[in-house]
Amino acid sequence: QPHNQSSEITEIMAPRTWVLTALLAVVVMVTMCVPRVVGAQCLVDQADHRQLSKVVCEPCPQLTPQGCAKSCLGLGLAIAGVEAGHACMCGSQLASPAAVRPASECSDTCTGDPSQTCGGYFRLFAFNTSTPPPVPAGHHTDPRDIYNGTIMLSAAYLDQPYCAISPTTGVWTCIITADEHGEGGAGEHMVSVSSSDTGHSWSAPVKLEPNTTVANSYGVLAVTDKGRLYAMYNMNLDNVSHTPSGTSLGRTDTIGHFVLRYSDDDGKTWSQQRYEVPYRLTAVDRNNTWHGKVKIMWSVDQVKRVDGTNTIVYSFTKVGGYPVNAPEELFFLASDNLLTESDAAKITWKLFPEGDHGLPPPGGNPSIMEEGHVVPLISGTFYAVGRTSQGYLAASSSATLAGPWLPTGYAHFWNSTLAPHAFIPSTAVKNPRGPITIKRFQQVGQGKYLMLFYYNSGHSFVSQATDVSRNPYWLSAGIATNGTLLFSQPEIAIYNRGNRGDRPGYPDMFEFAGKVYITETQKQVARIHQVDDTLVRLLFTQNSRTQPAADAAVTFNNRDKGAAVKLAGLPDLNASKPTVGFAIDVVLSNLHKVTTQQVVLSVMPDNSDEAIGTTMHGLLLSFDPATTAFAVAFGDGTMATNGATSGWCNTALAAAAQTGSPVHVAFVADGGVNMGLFAVQGTVCDGGSTLQRGFWPFEDMASPTGPAAVLTVNASLEATVESGAVFTRRLYVSEVVGSARASIAKPNPQASVPGH
């Protein structure tokens, strides 16, 4: 019996042992076949015999090893490599793995992060896509720095990383427009990526339309209470390739139809069936390039839910002239049952406003009015904004989506010097022909809004070293009042100081666990950023701040004229740190007594033996009554910069000079982004109608004073110094606003600051 049992066991186990042995052999063979790089290696590359066969981009304007690895991983390739500082390549194996060179030959700076190296001249820095080189610890600490964001995806072209958080799984899913050939390319398509660890790592991209080469792009995303995702996007379903006159189309990503697909698994897969999002034709359609036979449109809005309802709404642009030329009007698509209807074929849509026309540009057509955003206000009304080519952000409001909508005007800041909650429109919000985003934040902002925009009056798409219209990105808080929104003075939210012509854009914003996140792409790399908590808190409380900024290195007043006041030296302006920089905060009265240009104060090196060279060494703040403008100049003896108040600020200074009343002036040198700005009476000087911007960039420099400094208030200054302070850190704009309110007499709350 025991013997028979043993035989039986042997007979039973034999086939299993064979199976296990075979499986082990397969595993060994597969393991041996999986290509690997032994650590990160520097290798010789050749133009006619590439180490890696797939070129992702060359040149890559935003190259990093991590971004290249993400792109190669998305292509299903195991090895990535960067070369010459600006090229990304992928492959399944190296052509000449023995051609190893010293790491010192792979030392070219990466175009996407100057703190990292990306190969060399015909030197490939190769590594496994699963284990790219880590980002150097501590290389960036300013959360506003674009390189401090986490890379979601890299490609030749990326746009609109729009996200939703599943209420059932907690997974973050984002949809992105992608292409391997650049914006408007023939292969433009929608993909989704997801993160199950709150944005720290992201999945490989999944195509929403895997079986077609027809252009599909520019999606918006909605999530239901049960976690179903709906992606609505453009698609050239009719494969239109020529204008009515027979001209071949350069791009087809803004023509065709709106369609949707859904996902029930956080974007891992998408519904097999595609559904059209229909809308009626209006005048701008019937008069477009194809006379209504082909629709020209696109959306960059995010889906919003109307308070107390299941209605969702988002804005889009109808275009008259292919591809994105006037006339243009903003419209709104709304669905009352998308959030509740399980059968996607039964989802219904309505087009607003009612009638034959949408929201036109300020002043009417022909002009540009596009890339609209609509937000439901707590009062039940609606507010919409759109970009223009006029240098200002268009805005309108209505009691209902159906209308009537107020004549399109401009978005406005509130008057910063007024008492809390006494909101009166102030200067208009500048913005070039570039993308903005506006959303309400229920938890972090307690129902207030945040708007991301560019804060300059550029008129074109172009952003170059001489026209940095899309760098940096600024953030303002919005508060609903009288059926509209008014905005706070803005703070810099995202910047790239190493490449001032960079174009971060098409962002999304959302909140999670008490934090605010921004996703953006500068057309090649999609990133996610956690916004500085202090910046967010100060923005949301800016309307009620009445206290001066804290931690001044030294304070002074009229009694200190002529005295030499010692203080710690101003910091170096060459490191990307959260608060690096300095600020001057001063309240002056009796400006009418100043008859010629005068130095107000100086901050100089505390070294009497130091020679004064031809380049500014130290800091000078001056006032010129001829232009009623303040100016600042500072430098380290080698590098120097200067700037002045402008626009509305000079108007306010002229008014104060006439009456002799106190005026608050602040200058901030932000050493993170390397930018200087003035604010007068708590309002940032934006350049007015004569300058594209009132703030200006400066180059890296050492401390203007060295480790110790001396402050001197001009003994001959004819104006009265009511109070003043020097800070050896940058001030947030919201702190400047609080200091202005605390330091000057409150004006008549019914008076309005002159606006645009």
Side-chain angles (χ1 to χ4, degrees), residues 30-136 139 147 151-158 178-183 185 187 202 204-205 496 498-499 501-502 521-527:
V30 170
T31 303
M32 292 174 63
C33 292
V34 173
R36 288 288 182 268
V37 178
V38 181
Q41 295 180 342
C42 184
L43 300 149
V44 174
D45 202 7
Q46 300 178 43
D48 57 352
H49 188 61
R50 290 292 195 183
Q51 287 277 12
L52 298 173
S53 57
K54 172 66 176 177
V55 178
V56 175
C57 52
E58 185 180 10
C60 312
Q62 291 285 313
L63 180 66
T64 64
Q66 300 77 26
C68 183
K70 177 74 75 171
S71 296
C72 297
L73 191 63
L75 295 171
L77 297 171
I79 302 175
V82 290
E83 188 169 307
H86 62 254
C88 171
M89 304 172 188
C90 315
S92 57
Q93 61 184 11
L94 294 167
S96 303
V100 178
R101 298 298 300 165
S104 60
E105 295 185 17
C106 284
S107 58
D108 284 4
T109 299
C110 303
T111 57
D113 185 348
S115 72
Q116 299 193 69
T117 56
C118 286
Y121 182 68
F122 283 110
R123 293 296 184 266
L124 181 77
F125 182 53
F127 43 86
N128 297 317
T129 55
S130 58
T131 55
V135 177
H139 76 306
Y147 298 124
I151 294 176
M152 305 164 65
L153 189 63
S154 299
Y157 170 64
L158 296 172
D179 190 33
E180 295 300 321
H181 307 287
E183 182 171 358
W202 293 84
N496 183 346
N499 178 8
D502 200 9
T521 167
Q522 42 55 275
K523 302 299 180 85
Q524 288 89 26
V525 180
R527 292 182 174 93

**OP:** Apply side-chain hydrogen bond (donor to acceptor under 3.5 Å, both in side chains) to Glu58 and list each qualifying residue two or more places apart in sequence or on a separate chain.
**Re:**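 So Glu58 forms no side-chain hydrogen bond (donor to acceptor under 3.5 Å, both in side chains) with any residue.
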**OP:** Taking side-chain hydrogen bond (donor to acceptor under 3.5 Å, both in side chains) as the test, write out the residues that go with Arg527, two or more places apart.
**Re:**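 Partners of Arg527 by the side-chain hydrogen bond (donor to acceptor under 3.5 Å, both in side chains) criterion come out as none, since no residue qualifies.
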**OP:** Specify the closest pair of heavy atoms between Pro132 and Pro65, including all atoms of both residues, with the distance to one decimal.
**Re:**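 Of all heavy-atom pairs spanning Pro132 and Pro65, the closest is CB-O, 4.4 Å.
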Original post:
Between Thr129 and Cys72, which heavy-atom pair has the shortest distance, and what is it?
Top reply: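 Of all heavy-atom pairs spanning Thr129 and Cys72, the closest is CG2-CB, 3.5 Å.
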Do the side chains of [Y] and [X] get nearer than 4.5 Å, heavy atoms only?
X	Y	result
Leu124	Leu52	yes
Arg101	Gln41	no
Cys42	Pro102	no
Ser154	Cys68	no
Val56	Leu75	yes

Original post:
Do any N or O atoms from the side chain of Asn128 and from the backbone of Ser130 form a donor-acceptor pair under 3.5 angstrom?
Top reply: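 Answer holds: no.
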Would you give the length of the straight line joining atom [atom1] of [X] to atom [atom2] of [Y], rounded to the nearest 0.5 angstrom?
X	Y	atom1	atom2	value
Gln116	Thr111	CD	OG1	11.0 Å
Gln524	Cys60	CD	SG	8.0 Å
Asp502	Lys523	CG	NZ	11.0 Å
Leu73	Ile79	CG	CD1	13.0 Å

Original post:
Which pairs, with at least one residue in residues 67-77 and sequence neighbours excluded, count as a salt bridge (charged side-chain N to carboxylate O under 4.0 Å, His left out)?
Top reply: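 Of all non-adjacent pairs touching residues 67-77, none passes salt bridge (charged side-chain N to carboxylate O under 4.0 Å, His left out).
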Subject >> Set of residues satisfying side chain to side chain contact (heavy atoms under 4.5 Å, CB included) with respect to Ala95, sequence neighbours excluded >> reply: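 Here the qualifying residues are His49, Gln51.
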**OP:** Among Leu158, Ile151, Thr64, Leu63, find the one that has a side-chain contact (heavy atoms from CB on, under 4.5 Å) with Val525.
**Re:**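 Considering Leu158, Ile151, Thr64, Leu63, a side-chain contact (heavy atoms from CB on, under 4.5 Å) with Val525 is found only for Ile151.
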Subject >> Pairs where residues 90-126 contributes a residue and the test ring pair (Phe, Tyr, Trp, His ring centres under 6.0 Å) is met, not counting sequence neighbours >> reply: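 For residues 90-126: Phe125-Phe127.
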Tabulate below the donor-acceptor pairs under 3.5 Å that side-chain atoms of residues 83-90 make, not counting sequence neighbours, or state none.
unit_1 : atom_1 : unit_2 : atom_2 : d
Glu83  : OE2    : Arg50  : NH1    : 3.0
His86  : ND1    : Ala84  : O      : 3.0

**OP:** Report the C-alpha separation of Arg123 and Asp45 in whole Å, then their side-chain angles, then the decisive distance to 0.1 Å, and conclude whether the side chain to side chain contact (heavy atoms under 4.5 Å, CB included) test is met.
**Re:** CA-CA 5 Å; Arg123 293 296 184 266; Asp45 202 7; over 6 Å; no
